[in-house]
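Here the structure is laid out as structure tokens; the discussion comes afterwards.
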Amino acid sequence: MNKARLMKTVSESSVEMREMVMPNHTNPQNNIFGGVVMGWVDIAAAMVAARHSGKQVATVHISDIDFFAPIKVGYHVLIQASLNYVGTSSMVIGVKVTSENPYTGETRTTTKAYLTFVAMDDLGRPISVPGLIPETEDEKRRYENAKKRVEVKKQLSQSIVKR
Ligand SMILES: CC(C)(COP(=O)(O)OP(=O)(O)OC[C@H]1O[C@@H](n2cnc3c(N)ncnc32)[C@H](O)[C@@H]1OP(=O)(O)O)[C@@H](O)C(=O)NCCC(=O)NCCS
């Protein structure tokens, strides 16, 4: 008899973290260096994947990372990450980065990205993860969009010529 797959909601694994842009995070224009943002995005997404799966996880793919606006030194940075979609062992996490001017309270969405993580067993082999229950309208929209992105990537991989 098949064991029923454990199911978890999006809110059970969502992550929010805050950082402040320090001089060692900046580029020559005194704005945040993109690689620092990418590091924070990867960490937030990794925490979501680990919380959902309860396993060790590894990043296997990052897609559609967009930088909409620079973030100045001294500004605060909010990184919000939540699970959009799960396959068998893979998990697609959406991350939104918002800058906040701490003196005026003005906020701006500066980055969005989608990351795929794989859960692994103790030998580093892919292992199945709980299913996902999208509850809100936003969660359902993100689930459908992420599913399409996964399908498009599979089709693209099959259609392009690799050496
Ligand atoms: C994680 C790892 C062990 C998985 O091994 P693998 O041979 O790719 O495993 P599989 O082919 O069985 O794929 C496992 C799952 O990952 C997905 N996957 C693997 N590579 C992917 C990629 N590049 N993009 C999207 N999904 C991917 C597969 O579709 C599959 O999903 P499913 O289980 O939900 O159907 C291996 O890819 C790895 O070690 N990668 C390096 C990870 C790493 O070091 N990351 C740190 C960044 S440097």
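Judged purely by atom type and a 3.5 angstrom limit, K8 has no side-chain atom pairing as donor or acceptor with the backbone of V129. Put simply, the side chain of D121 gets close to the backbone of L123: a donor and an acceptor are under 3.5 Å apart.
Interatomic distance, OG1 of T9 versus NE2 of H52, reported as 9.5 Å (0.5 Å rounding). Taking CE from M91 and CG from N84, the interatomic distance works out to 12.5 Å, rounded to the nearest 0.5 Å. Of the inter-residue distances, the one linking R149 atom CZ with L156 atom CG reads 14.0 Å to the nearest 0.5 angstrom. Taken from CD1 in I93 to CE in M47, the straight-line distance is 11.0 Å, to the nearest 0.5 Å. One finds the OG1 atom of T136 at 8.5 Å from the CZ atom of R141 (value rounded to the nearest 0.5 Å). We find the CZ-CG distance between R142 and L83 to be 11.0 Å, quoted to the nearest 0.5 Å.
I79 approaches A44 most closely through the heavy-atom pair CG2-CB, 3.6 Å. For the pair A45 and F117, the tightest heavy-atom approach, listed with the atom from each and the gap, is CB-CE1, 3.5 Å. Closest non-hydrogen pair, Y75 versus I71, comes out as CB-CG2, 3.7 Å. Contact detail for S14 and R51: the closest heavy-atom pair is O-NH1, 2.7 Å. Scanning all heavy atoms of the two residues, the minimum distance from V73 to P23 falls at CG2-N, 3.8 Å. Contact record, I65 with T111: CG1-CG2, 4.1 Å, taken as the closest heavy-atom pair.
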Worksheet item: Does the pair S63 and K153 meet the rule for a side chain to side chain contact (heavy atoms under 4.5 Å, CB included), with working shown?
Response: CA-CA 10 Å; S63 71; K153 181 174 190 287; over 6 Å; no
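Residue M22 qualifies as open at atom CE: its count of foreign heavy atoms under 6.0 Å is 12 or below. Other residues, nucleotides and ligands contribute over 12 non-hydrogen atoms within 6.0 Å of the CZ atom of R5. Dense packing is recorded around CZ of F67, with more than 12 heavy atoms of other residues, nucleotides or ligands lying under 6.0 Å away. More than 12 heavy atoms of other residues, nucleotides or ligands lie within 6.0 Å of CD in E100, so this atom counts as buried by the packing criterion. Residue-environment remark: CD (E151) exceeds the threshold of 12 foreign heavy atoms within 6.0 Å. Summarising the local packing, CG of D122 is surrounded by 12 or fewer heavy atoms from other residues, nucleotides or ligands at distances under 6.0 Å.
Placement of V48 and M120 in two distinct hydrophobic clusters is found when ILVMFWY residues are connected by side-chain heavy-atom separations under 4.5 Å, directly or transitively.
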